[in-house]
Amino acid sequence: MYSFLRLSVLLVGLVVSAGSYAVKAAQPLTTADDLGPNVEQPFEFPHDRHAGDAADGGMEINCMYCHTYARRSIVAGIPPVQKCVGCHQNIESVREAPRIKKLFEYWDAKKAIPWKKVHDLPDFVRFNHERHIQRFVFAQGKPVQEACGYCHGDVKKMTVARRQKPLSMGWCRSCHMKDHRIDATSTKTSQGPNDCWQCHK
Amino acid sequence: MSITNLLENWSDFRHQHPSEDRPHLEYKWAMSIDLDSCTGCNACSVACYAENNLPVVGKEKFAHGHSHHWMRIERYWDNDGREFADQGAQFLPMLCQHCESAPCETVCPVGATNHTADGLNSQVYNRCVGSRYCNANCPYKVRYFNWYDYPTTDNVWPAPMEQQLNPDVTVRGKGVMEKCTFCVQRLTVAKSDARTEGRLVLDGEVQTACQQVCPTGAITFGNLVDPLAKVGKQWMQQQVDLNKDKQAKDAAEDAVKLRGYRILEELRTYPSVMYLEQLRESAI
């Protein structure tokens, strides 16, 4: 019935298919890197110091300690100043560091820190942090930093976070068309949603 | 859905939906509208404007047919040759019927309108090139085209009115087609919440904007797959089968008078909206 379409589809498909098979062949979840712009923040927040491995002098703090909404909301959330101060008022050793002084300036002025958005998706995209964290961290039992890293890159080695992944639709799909185990023990797999309205609003 | 995926699985996306081999497994969103309860108050239409960032185009453009009422109230006068009908107008809220075999989907040259697994007729603005074939092929005329860039050129939402826009719904630009989505932004949230708790969306957990505001409760919305859903019970009670283009109850000689019907179902569009006929004194 759609044979006239099939022909044209075949022709276009020939060009495109080469690319798609290349994507399919790459099974591990490490995906293409595409370094984003340097985002100028009010002051430097050292992600490596907080979330990095102990061997590299990091504190190995769980991403979700500060980005606490990731597991229960569509957005991961930027922590309020209160959260920073909650720990830092008890850490005397770095109290005089310039960054921490800056932090307490905002705290004393009762002002929110105007952090800039690093991973900014277009307005027509509906991305849900909760779904991804529930699936990969809570169902599959993947380490948090690995699961967050699929999209956010190796944040534990960055100071100021910088976009590392392309965050384009084809890139999202490259992961959505892989077979993911439904939980830690099961051999059953399923793919991410393949439905325009799941992500486009 | 990437373009490669679209091309590779073209026949799947063009699948005629009411079929034995591809049943709806988890969700099939459907609606029923009781015309006997409908008072034609237009609250549903207003709620839709608020929920879905619809531009109010003004009197002149409305007269040109450029309006954007995804949910519109149609009026029918049954006046039997008299100047005025005894019982006033009959109202019929008309919205996208989310046909299972939608005529608009097959004619889109770029695959911007597709059928989702949940039985929704989706419209993806980013892919739409504005050919308007879908509108031409829609028997219900429920697709609306953006002839102008309403937010900028027409200043439909002068500051600070843009603050009332729903962030979960795209503000459409010039040159794309748009239509009722069954409030997909609400469905997505409800589905996600249910998924986290490891269950399906319960009946009544999610409401469309029009359903939520209807003062007489004329609109019922829910999951047709769910045996406990009110909408499914209504469909069953009225003996309206989603997958039939001719209902068995209409064929029977001594047909019991049931009120349920679907508009233009003989066109084999298999619409997801069932209407319950208005009871009029003249009909009794």
Side-chain angles (χ1 to χ4, degrees), chain A residues 1-24 71-75 122-135 137-139 168-177 182-183 190-201, chain B residues 1-16 27 29 52-53 98 106-109 111-128 165-173 176 181-189 191-198:
Chain A
M1 187 176 175
Y2 298 109
S3 54
F4 67 97
L5 283 175
R6 284 214 185 99
L7 186 68
S8 55
V9 163
L10 192 74
L11 288 172
V12 185
L14 271 174
V15 184
V16 186
S17 57
S20 82
Y21 289 131
V23 169
K24 269 185 178 167
R71 62 181 174 276
R72 50 199 160 105
S73 168
I74 54 165
V75 290
D123 287 348
F124 52 77
V125 175
R126 183 190 290 126
F127 175 82
N128 193 331
H129 276 90
E130 180 191 7
R131 285 266 55 75
H132 292 85
I133 296 296
Q134 290 290 344
R135 178 64 180 269
V137 177
F138 293 106
S168 61
M169 187 175 92
W171 177 81
C172 291
R173 281 290 302 142
S174 73
C175 191
H176 271 230
M177 51 195 183
I182 58 167
D183 57 45
S190 69
Q191 297 183 344
N194 171 31
D195 169 354
C196 307
W197 263 359
Q198 203 68 45
C199 313
H200 282 273
K201 47 189 184 190
Chain B
M1 187 172 64
S2 67
I3 189 79
T4 27
N5 181 46
L6 179 74
L7 293 167
E8 280 175 8
N9 302 311
W10 185 266
S11 56
D12 274 7
F13 289 114
R14 285 289 177 267
H15 197 91
Q16 186 143 337
Y27 299 106
W29 302 111
N52 292 304
N53 301 340
H98 290 271
T106 48
V107 294
C108 181
T113 177
N114 291 290
H115 219 70
T116 74
D118 300 346
L120 296 176
N121 171 236
S122 70
Q123 174 75 24
V124 181
Y125 310 122
N126 303 64
R127 182 155 284 166
C128 179
L165 292 171
N166 185 352
D168 295 334
V169 180
T170 306
V171 177
R172 279 80 56 185
V176 295
T181 63
F182 267 177
C183 286
V184 68
Q185 65 279 11
R186 297 181 176 206
L187 304 181
T188 313
V189 170
K191 270 164 61 186
S192 172
D193 289 350
R195 193 87 187 267
T196 305
E197 292 173 26

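Chain letters run A, B, ... following the sequence lines, proteins first and then strands; every chain starts at 1.
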Open item on the list: With a 4.5 angstrom heavy-atom cut-off, is it the side chain or the backbone of B/T188 that approaches chain A, or both, or neither?
Closed with: side chain
TODO: Applying side chain to side chain donor-acceptor pair (under 3.5 Å), name anything that partners A/D123, two or more places apart in sequence or on another chain.
DONE: none
Open item on the list: For chain A, which candidate among B/L187, B/L120, B/T181, B/D118 shows the most heavy-atom pairs at distances under 4.5 Å?
Closed with: B/T181
TODO: Select, from B/T170, B/N126, B/V124, B/V189, the one with the greatest count of heavy-atom pairs under 4.5 Å involving chain A.
DONE: B/N126
- [ ] Name all residues meeting the side chain to side chain donor-acceptor pair (under 3.5 Å) criterion together with B/R186; count only those two or more places apart in sequence or in a different chain, and write none if there are none.
- [x] B/E51, B/Q212
Open item on the list: For B/Y27 and B/W29, take the angle between the two ring planes, folded into 0 to 90°, and tell me which bin it lands in: parallel under 30, tilted 30 to 60, perpendicular over 60.
Closed with: parallel
Task: Exceeds 12 heavy-atom contacts within 6.0 angstrom, atom CZ of A/R71 - done: yes
- [ ] Check whether B/N52 gets within reach of chain A through its side chain, its backbone, both or neither, counting any heavy atom under 4.5 Å.
- [x] neither
Open item on the list: What part of B/V169 gets within 4.5 angstrom of chain A, counting heavy atoms only: side chain, backbone, both, or neither?
Closed with: backbone
Task: Mutual orientation of the aromatic rings belonging to A/H176 and A/H132 [parallel < 30°, tilted 30-60°, perpendicular > 60°] - done: tilted
